[in-house]
Number of protein chains: 2
Amino acid sequence: MTPSDTKDTADRIIEAAERLFARHGIARTSLRALTDEAGVNLAAVHYHFGSKEGLVSAVYGRRVQPLNAERLRLLDECEAAAGDGPPELESLLEAFIGPALRLRQNRSQGEPFMCLMGRIYSEPARELAPVMAQFDEVRQRFPAAFQRALPELDEVELMWRLHFLLGSLMHTAGGSHLIERMSHGRCDPADVEGTIHRLISYTGAGLRASVKETAAP
Amino acid sequence: MTPSDTKDTADRIIEAAERLFARHGIARTSLRALTDEAGVNLAAVHYHFGSKEGLVSAVYGRRVQPLNAERLRLLDECEAAAGDGPPELESLLEAFIGPALRLRQNRSQGEPFMCLMGRIYSEPARELAPVMAQFDEVRQRFPAAFQRALPELDEVELMWRLHFLLGSLMHTAGGSHLIERMSHGRCDPADVEGTIHRLISYTGAGLRASVKETAAP
DNA sequence: CCAGAATTCAAACGGTCGTTTGCTTTAAAC
DNA sequence: GTTTAAAGCAAACGACCGTTTGAATTCTGG
């Protein structure tokens, strides 16, 4: 008996959706292919989720909430450890990056989801607005903490650098096959802790880079 | 008379496709919406491009070739200026990053295309394989040049860091609206030269970061 | 001016999509 | 055992998709 045989219909649908959405994109995944993969009836999607749009929200929502809860828990720890002083930069990076990249190893279904997360900014799907709202607290508290850790950066420069950081994180989360091919198999994306370590080192140095004057036009 | 009225049908189709593919994604853009936007007949797409897939290739191909030619020209300049020594890191970054981000200002149509480029790794479209092949020379020569500029990095570490760099670049190229919203309008993505300068500073520091030992499991 | 090629066009084709319907089966409560 | 709701199912609906057709139109060289 495979694991999916023991789960109920709604779970089977969500997990098949996660796999197929990640592999082929949301728009290119039909409900018929999806329900075939899940081994359930076509109409079950609308019975349990109301519509394909509802299913998409459910797929994202299931992972995003625990991810951000863990991030904020680690951020609380950072700030508690720092007391009245500024939090340590590398701890902040670990709190922001670690839970995201570890999603792909904690569960075997984590990897397809991270591939979907990497695509969340690319898929121009209106149904993702409520999902994005779940990032509000993260988007508010982390920049403020980074500003305290990097007081010499003005706000605009900090925002740009966090933007660059987010790009690296999303690209790493969603594109494990890319680094593998680019390095001809010499880089191992399955080494999650090593990847987190590398990304924190790289990004920490980038965030701490001295600000040079902008070149005149 | 609008500019598009003066162009022939194939150009009008390509430009409408670039806009709509960038705005809504390839799969979600129907040929009917596309030909309405272009002001041409539906069957013109198949007459000029054979199929929707052929149109997608044409849209990418038109921009990718000049982009990579400019990158390689600047790389040649870097290597000529360096003589027998290692090329300068910041010049390499300018050669790789500059032409990509400048695409969005050289032409008014450049911005939607960069949005498409940022999505090239996300859109799991089989028809993009020939487009990806146009990156072969860039993918071969730039890592080798970076390795010469950063001899203290082992190959695996370098590949990871170039992977992170690529993520920042793609995210910046394709997501101008994201940084604008994240910074509440205080960051200006239209300042292309400033953005290039910031990304080069950030990324240069990240690439030069000292390699620390990987944490034991 | 005219033949012949290139291009444009309205209309339709077959197929697949998300969604809905009405019926049957399963499960729980009394 | 009967009642009532939840869940599953096959079949169909209308809409929209990419593509094709064949005739009308425009362009081009002699």
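Quantities reported herein were computed from a predicted structural model and do not represent experimental measurements.
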Rounded to whole Å, how long is the line connecting atom [atom1] of [X] with atom [atom2] of [N]?
{"X": "B:I26", "N": "D:dC17", "atom1": "CD1", "atom2": "P", "answer": "16 Å"}
{"X": "A:L31", "N": "D:dA12", "atom1": "CG", "atom2": "P", "answer": "20 Å"}
{"X": "B:D36", "N": "D:dG18", "atom1": "CG", "atom2": "P", "answer": "12 Å"}
{"X": "B:N41", "N": "D:dT19", "atom1": "CG", "atom2": "C1'", "answer": "13 Å"}
{"X": "B:L55", "N": "D:dT19", "atom1": "CG", "atom2": "P", "answer": "10 Å"}
{"X": "A:L34", "N": "C:dC17", "atom1": "CG", "atom2": "P", "answer": "11 Å"}
{"X": "B:R12", "N": "C:dT7", "atom1": "CZ", "atom2": "P", "answer": "15 Å"}
{"X": "A:D11", "N": "D:dA7", "atom1": "CG", "atom2": "P", "answer": "13 Å"}

Handout entry: 5'-most by nearest nucleotide on DNA chain C - A:G50 or B:L42
Key =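 In this pair, the answer is B:L42.
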Practice task
Select one nucleotide: of C:dT8, C:dT19, C:dT21, the one nearest the side-chain heavy atoms of A:A43.
Solution key: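 Taking heavy atoms from C-beta onward, the closest nucleotide is C:dT21.
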Practice task
From the options C:dA11, C:dT19, C:dT8, select the nucleotide whose nearest atom is closest to the side chain of A:H46.
Solution key: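 So the nucleotide nearest the side chain must be C:dT19.
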[X] vs [N]: side-chain N/O to OP1/OP2 distance below 4.0 Å:
{"X": "A:S51", "N": "C:dG18", "answer": "no"}
{"X": "A:H48", "N": "D:dA6", "answer": "no"}
{"X": "B:S30", "N": "D:dC16", "answer": "no"}
{"X": "A:T9", "N": "D:dG8", "answer": "yes"}

Exercise for the section: Quick one: label B:T29 by what it contacts on the DNA or RNA (base, sugar-phosphate, nothing), any heavy atom closer than 4.0 Å. Expected result: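 Result for B:T29 = sugar-phosphate.
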Problem - Along DNA chain D (nearest heavy atom to each residue), the more 5'-positioned of A:Y47 and B:R32 - result: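 Closest to the 5' end, via its nearest nucleotide, is A:Y47.
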Practice task
Answer yes or no: is there a donor N or O on one side and an acceptor on the other, between the side chain of A:K52 and the main chain of A:I26, under 3.5 Å?
Solution key: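 Yes.
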Handout entry: Heavy-atom donor-acceptor pair, B:R161 side chain to B:L207 backbone, under 3.5 Å
Key =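 Yes; judged by distance alone, with no hydrogens or angles, the pair exists.
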Exercise for the section: Decide yes or no for B:F146 and B:R141: does some side-chain heavy atom of the first lie under 4.5 Å from some side-chain heavy atom of the second? Expected result: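 No, every pair of side-chain atoms sits at 4.5 Å or beyond.
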Handout entry: Of B:V131, B:V64, B:L103, the residue whose pairing with B:M117 passes side chain to side chain contact (heavy atoms under 4.5 Å, CB included)
Key =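 Only one of B:V131, B:V64, B:L103 forms a side chain to side chain contact (heavy atoms under 4.5 Å, CB included) with B:M117, namely B:V64.
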Handout entry: Nearest-0.5 Å distance, CG of residue A:D8 to NE2 of residue A:H48
Key =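 Between A:D8 CG and A:H48 NE2, I get 7.0 Å after rounding to 0.5 Å.
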